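Here the structure is a predicted model, which means the values were calculated and not measured.
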Amino acid sequence: MGGQFNTDIVEAVIIGAGVTTVICSINDLTSSVGLIIVYMLALFIQLTWREATEEISYCYDLILRPSSSSGILLGSVLLPLVIISTQSSQYNSSSIHLTDDDDNLAVPCLVFSIACLLCVWLTRCKMSVTVLERLISVRWVVSWVAVMVILHKVPLQGVVALAVSFGGSVTCVWFLLGLLYVLEESFTIGEAMVVAQGLTLLTLEAVNTTVYHTGRELIACLQVLILGGIIIGLTMKPVLQKMPTIYSINVSRGKHKQLGNGANHSNRIQDIPRPFSWKLTAFFYLAMVASIICILLPWLGIMIKSWPLLFGLKFTLMTSEKRTCLVLIWAGLISTAITMVFWLQTSSTVTRKYFHLFTVAAFLPGIYFDVELVFLATAGTFFIAILLEFFRIHQVWPLGEALQSASQTLGDAQDTGVIFLSHLYLLLGLAVPVWLYTGVNGYHIESTLPLFSGVLSVGIGDTAASVIGSKYGVIKWPGSKKTIEGTVSAILFQIPACYLLSYIGILPSMASHFFSISWAIILTSLLEAFTLQIDNLVLPLFMYCLLVT
């Protein structure tokens with residue numbers, strides 16, 4: 001217990017150093033005070049109630065990812081850090097907007113974090129469970145969205161801000177508990193907080209774009225593609241409930257999985273194993289296609305005032321030869337990666353890091369030559385990845401078994417839940433800095449180095465730390481499985497990479513900003529060594545906050 005406590009303390013110090021760095025670089029007193037309040041509150045809850053995960057599991061009949069810390073502190077401050085550092089940076093603006101008046105999202109995001117922390121606190125009391133379940137009902141969230149649409153037409157900025165903060169907080173808690181309840185063993189509380197806050201902000205943006213028709217086509221595509229996975233899951237729920245899952249299939253074959261608390265996984269399975277059914281498979285495809293054609297495509301068409309498929313085809317292949325060449329390069333990398341998956345057939349640290357190198361090979365030329373194409377391509381890839389998870393979880397013919405076999409090769413020890421998150425987090429970690437890129441909306445930008453946060457922290461730093469640390473690492477950090485040799489190698493590999501980026505014209509130059517860039521690399525590498533959250537998600541966002549300031 002002492003080792004875990006020391007690890008929590010060291011992680012808190014690293015996060016605190018990152019928060020201090022951001023606060024010292026911004027001129028917004030409200031955001032600074034809000035960050036300090038969220039940090040202190042989250043630190044108090046994490047250190048005082050490290051058993052908070054067990055409390056939530058008890059109250060809500062949940063299973064969180066085993067062998068991981070709660071991640072409450074990191075999950076509470078990470079997304080507010082991203083929003084505040086982006087909106088307060090030298091770029092003067094962000095691709096994130098709430099209304100046509102460019103309202104600041106920093107305060108609502110801080111409020112969402114506090115709401116999630118209060119949810120963790122209140123779930124220790126059974127009486128609060130009933131209150132929360134009433135507040136986060138789907139009916140309430142739909143009503144709030146309708147009120148938001150009406151209030152946007154009323155010139156009462158204070159009322160709108162109050163509705164955004166309160167209604168968004170409830171929606172954030174709804175996402176948080178929904179993720180933890182539906183996707184068993186997949187998340188820690190901290191990771192679920194980050195995802196829930198991101199989905200809430202994206203929902204606010206989607207409401208705004210749909211109502212105001214802002215004309216930001218790429219932002220609209222991002223909103224529909226990311227939220228589309230949730231919409232498809234909700235519309236297909238009657239079909240999915242009747243289909244077996246990979247877990248019920250494994251239970252029927254005698255492959256019982258032991259949980260951290262000693263309970264058998266078969267006791268958690270609510271699905272009754274059923275034989276393969278062509279009828280259910282046909283309904284699955286019909287429901288998915290109907291959701292896309294009848295809901296997502298019309299919605300996107302309304303937002304961009306164009307035919308979505310025609311827009312995508314024209315944007316991708318009919319704009320320039322450079323863009324077409326990038327698409328062909330990516331197709332070649334994807335084909336090679338798929339071939340390697342079925343050729344290797346074994347899971348190891350080195351095997352998984354091969355695919356990190358593939359992502360570096362895809363993102364480096366993409367960000368350098370055509371960041372807008374990367375913006376749209378990553379959103380589309382994430383949507384496809386969510387759809388493929390439906391196929392894998394429910395073993396839908398003909399892709400289900402092949403995807404499950406591939407996931408065994410690519411998955412790691414943290415992929416223990418209903419959904420495999422490592423590859424999704426890897427894509428998000430590399431893509432989110434690009435999605436926040438101001439140049440997409442036509443703003444002048446002086447630096448592009450933050451766009452490479454995911455490439456540097458995960459593609460280069462984490463890969464070097466994992467490979468060298470697992471092969472040559474001897475001295476371990478106190479209370480951690482990570483080695484000092486791995487952390488040092490991560491730092492030493494990222495610094496030359498920044499020099500190389502500076503050489504090809506990426507600003508700011510490593511030579512003129514050596515200390516600030518090195519500080520970001522060192523803090524991120526230390527966080528990789530001590531955090532028990534999935535680093536594919538948290539490292540790129542943490543480095544982005546430090547580089548963008």
Side-chain angles (χ1 to χ4, degrees), residues 5-50 52 69-91 94 96 98 103-122 161-162 164-166 168-169 172-173 176 188-194 196-198 200-201 436 450 516 519-520 522-524 526-527 530-531 533 537-539 541-549:
F5 177 81
N6 291 334
T7 302
D8 286 345
I9 290 293
V10 175
E11 183 187 33
V13 171
I14 296 170
I15 298 170
V19 171
T20 303
T21 302
V22 172
I23 289 176
C24 291
S25 64
I26 65 177
N27 296 316
D28 187 343
L29 180 61
T30 302
S31 297
S32 299
V33 173
L35 271 177
I36 294 173
I37 292 174
V38 170
Y39 177 85
M40 298 303 296
L41 181 60
L43 180 62
F44 173 76
I45 293 177
Q46 177 164 303
L47 295 182
T48 308
W49 285 290
R50 292 191 304 273
S69 64
S70 64
I72 294 173
L73 176 59
L74 187 57
S76 299
V77 303
L78 191 56
L79 204 61
L81 278 176
V82 169
I83 301 301
I84 291 171
S85 60
T86 301
Q87 294 190 331
S88 301
S89 69
Q90 59 183 333
Y91 308 150
S94 160
I96 299 181
L98 183 57
D103 287 344
N104 196 315
L105 280 181
V107 173
C109 195
L110 290 167
V111 173
F112 300 162
S113 289
I114 294 175
C116 290
L117 289 172
L118 290 177
C119 174
V120 174
W121 177 285
L122 291 175
L162 181 62
V164 169
S165 298
F166 179 72
S169 298
C172 189
V173 172
L176 172 65
T188 64
I189 294 179
E191 292 168 6
M193 281 182 176
V194 174
Q197 291 175 56
T200 302
L201 291 175
L436 295 171
S516 59
W519 175 247
I522 291 171
L523 277 186
T524 305
L526 289 174
L527 182 63
F530 286 97
T531 187
Q533 311 308 298
L537 175 68
V538 300
L539 296 186
L541 298 181
F542 189 71
M543 174 173 274
Y544 175 86
C545 300
L546 301 175
L547 290 179
V548 82
T549 53

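The backbone N or O of L527 lies less than 3.5 Å from no partner atom in the side chain of T531, so there is not a single donor-acceptor pair. Judged by distance alone, with hydrogens and angles left aside, the side-chain atoms of E191 form no donor-acceptor pair with the main-chain N or O of V538 at under 3.5 Å. Judged purely by atom type and a 3.5 angstrom limit, Q46 uses its side chain to pair as donor or acceptor with the backbone of L73.
V10 places a side-chain heavy atom less than 4.5 Å from the side chain of I14. Side-chain contact check for S113 versus M193: every heavy-atom pair is 4.5 Å or farther apart. Contact annotation: the side chain of L47 approaches that of I9 to within less than 4.5 Å [non-hydrogen atoms, C-beta and beyond]. Looking at F112 and L201, their side chains come closer than 4.5 Å, going by heavy atoms from C-beta outward.
With sequence neighbours left out, the side-chain contact (heavy atoms from CB on, under 4.5 Å) criterion links I36 to I23, M40. For I522, the side-chain contact (heavy atoms from CB on, under 4.5 Å) partners are I491, L526, not counting sequence neighbours. Residues satisfying the side chain to side chain donor-acceptor pair (under 3.5 Å) test with S25, not counting sequence neighbours, are none.
Here the OG-CD1 distance, from S169 to I114, works out to 8.5 Å after rounding to the nearest 0.5 Å. For the atom pair I84 CD1 and S32 OG, the distance stands at 7.5 Å (nearest 0.5 Å). With rounding to the nearest 0.5 angstrom, the CG atom of L35 is 11.5 Å from the OG atom of S76. Note that CD1 of I83 is 10.0 Å distant from CG of L110, once rounded to the nearest 0.5 Å. Taken from CG in L546 to CG in L541, the straight-line distance is 11.0 Å, to the nearest 0.5 Å. A distance of 7.5 Å separates CG in L176 from CD1 in I189, rounded to the nearest 0.5 Å.
Residues T86 and Y544 bring a donor and an acceptor atom of their side chains to less than 3.5 Å of each other.
Taking all atoms of both residues into account, the shortest heavy-atom contact from P80 to Q197 is CD-OE1, 3.6 Å. The minimum heavy-atom distance between C545 and V22, with the atom names listed, is O-CG2, 4.1 Å. Nearest heavy-atom pair across L43 and A12 is CD1-CB, 3.6 Å.
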